[in-house]
Amino acid sequence: MTDLVIAGVDGSAPATAAVEQAADDAARTGAVLRIVHALDRHPYNIAGVAVPGTGDVLARAAVRVLEAAEAVARSRQPAIRVDAQVVEGIPAIVLLEQAQQADELVIGDRGLGGFTRALLGSVTMKVAGHAPCPVVVVRAGPRERAGEIAVGIDDSDSCEPAIGYAFEQAGLRGATLRLVHAWQVPVHAFAPEIFFDADEIHASRHDLVRGRIAPWEARYPEVTLVEDIQNAHPVDALTGTTYDLVVVGSHGRGGLGSLLLGSVSRGVLHHARCPVAVVRGAARR
């Protein structure tokens, strides 16, 4: 099956950055790039707002959005195959349906409909929290290549798909992979006599990281690794430096909205200065 990278677009600057990211990812894997614009008529179906001919206006605007995005993709990566589609529906639902077919979904951190002071758009949060494939969230603005990808590693099985995706991306990009594991000593205000051996903790954390990555290191021997074990909050550890990509798993549980994103995933999405990949499941290969 041919790999498929999908970029969600709405004409905003972050969406344009998402197209550029998606085009690069498609070029690296030989995937088809599908650019999708969700045509949402619902906001215009309100008494006192509807205007004769609105449907045609919206349809023409959707085509312009797609044409502009397709031009960006072809300029960025002329050799890739590009498929552009307008799909009617609520943006988050449209993108989640599209994600069922995708190996990767790339979106901007906020769209045209978001509040300007919001750190992340509601569509971004919903899609990142529910999509079955890796979701890459991209901010607008110029980026310089750092040559390094970071992945968050902990002691839960839910980070395993993220580790695999990070190794794959590092191999494709020829980038160094930084293995970030953060731990914090519990604070016992009422039991100050409790003692922690920092060296022993660090050694045990090292063993944890090595155990997690061993099968992936064997599969991707060409990837240069940097072990980064910190006594810090995981969000701080993953966002203190700008990388080409930060990869996190999703530890959220439950069925409501952003609860499917764990607190670390949400924190990294809010504060990272570079693209962030949220990986809930392994990409189809």
Side-chain angles (χ1 to χ4, degrees), residues 3-23 25-26 31 33-40 42-43 62 65-66 69 73 83-115 118-140 152 158 161-162 165 169 245-272 274-284:
D3 289 352
L4 177 64
V5 175
I6 294 177
V9 300
D10 64 358
S12 65
T16 298
V19 171
E20 294 173 342
Q21 174 86 23
D25 286 353
L33 171 61
R34 178 184 297 169
I35 302 171
V36 176
H37 174 67
L39 174 53
D40 187 4
H42 176 73
V65 167
L66 272 189
D83 169 30
Q85 300 181 7
V86 174
V87 182
E88 293 205 21
I90 297 171
I93 294 175
V94 168
L95 291 175
L96 288 171
E97 290 174 348
Q98 291 282 322
Q100 301 295 325
Q101 312 167 40
D103 295 279
E104 178 182 285
L105 175 63
V106 188
I107 53 178
D109 64 332
R110 69 174 67 84
L112 292 172
F115 293 104
L119 290 173
L120 284 173
S122 61
V123 172
T124 302
M125 292 296 287
K126 290 176 183 177
V127 172
H130 290 80
C133 66
V135 176
V136 182
V137 179
V138 184
R139 284 175 165 76
S158 59
Y165 178 85
Q169 288 297 312
L245 182 71
V246 173
V247 185
V248 293
S250 178
H251 296 206
R253 298 170 179 84
L256 296 176
S258 63
L259 291 180
L260 285 174
L261 279 178
S263 60
V264 172
S265 304
R266 291 197 306 272
V268 172
L269 282 170
H270 279 298
H271 298 294
C274 60
V276 176
V278 178
V279 185
R280 297 184 62 234
R284 287 184 286 277

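Here the structure is a predicted model, which means the values were calculated and not measured.
Looking at every heavy atom in both residues, Cys133 comes nearest to Ala102 through CB-O, 3.4 Å. Nearest heavy atom pair, residue Gly108 against residue Thr124, reads O-OG1, 2.9 Å. Pairing each heavy atom of Ala26 with each of Leu33, the nearest pair is CB-CB, 4.2 Å. In terms of heavy-atom proximity, Pro275 sits nearest to Gln21 at CG-OE1, 3.6 Å. For the residue pair Ser265 and Ser250, the shortest heavy atom distance occurs at OG-CA, 3.6 Å. The two residues Val19 and Ala69 have their closest heavy-atom pair at CG1-O, 3.5 Å.
For the pair Leu245 and Gln169, the minimum side-chain heavy-atom distance is below 4.5 Å. By the 4.5 Å heavy-atom criterion applied to side chains, Gln98 and Leu105 are not counted as neighbours. With a 4.5 Å cut-off on side-chain heavy atoms, Asp10 and Val65 do not count as touching. When side chains are defined from C-beta on, Ile107 does not count as touching Val123, because their heavy atoms never get closer than 4.5 Å.
His37 places no side-chain N or O within 3.5 Å of a backbone atom of Val86 that could act as its donor or acceptor partner. Not one N or O on the side chain of Ser158 forms a donor-acceptor pair closer than 3.5 Å with the backbone of Arg280. For Asp103 (side chain) and Val5 (main-chain N/O), no donor-acceptor pair under 3.5 Å exists by modelled atom type.
Between the NE2 atom in His270 and the CE atom in Met125 there is a gap of 4.5 Å [rounded to 0.5 Å]. The structure places CG of Leu96 at 11.0 Å from CD1 of Ile90, a figure rounded to the nearest 0.5 Å. Between the CG atom in Asp3 and the CG atom in Asp25 there is a gap of 11.0 Å [rounded to 0.5 Å]. Taking OG of Ser122 as the reference point, atom CZ of Arg110 lies at 11.5 Å (rounded to 0.5 Å).
The salt bridge (charged side-chain N to carboxylate O under 4.0 Å, His left out) analysis of residues 88-97, with sequence neighbours excluded, yields the pairs Arg41-Glu88.
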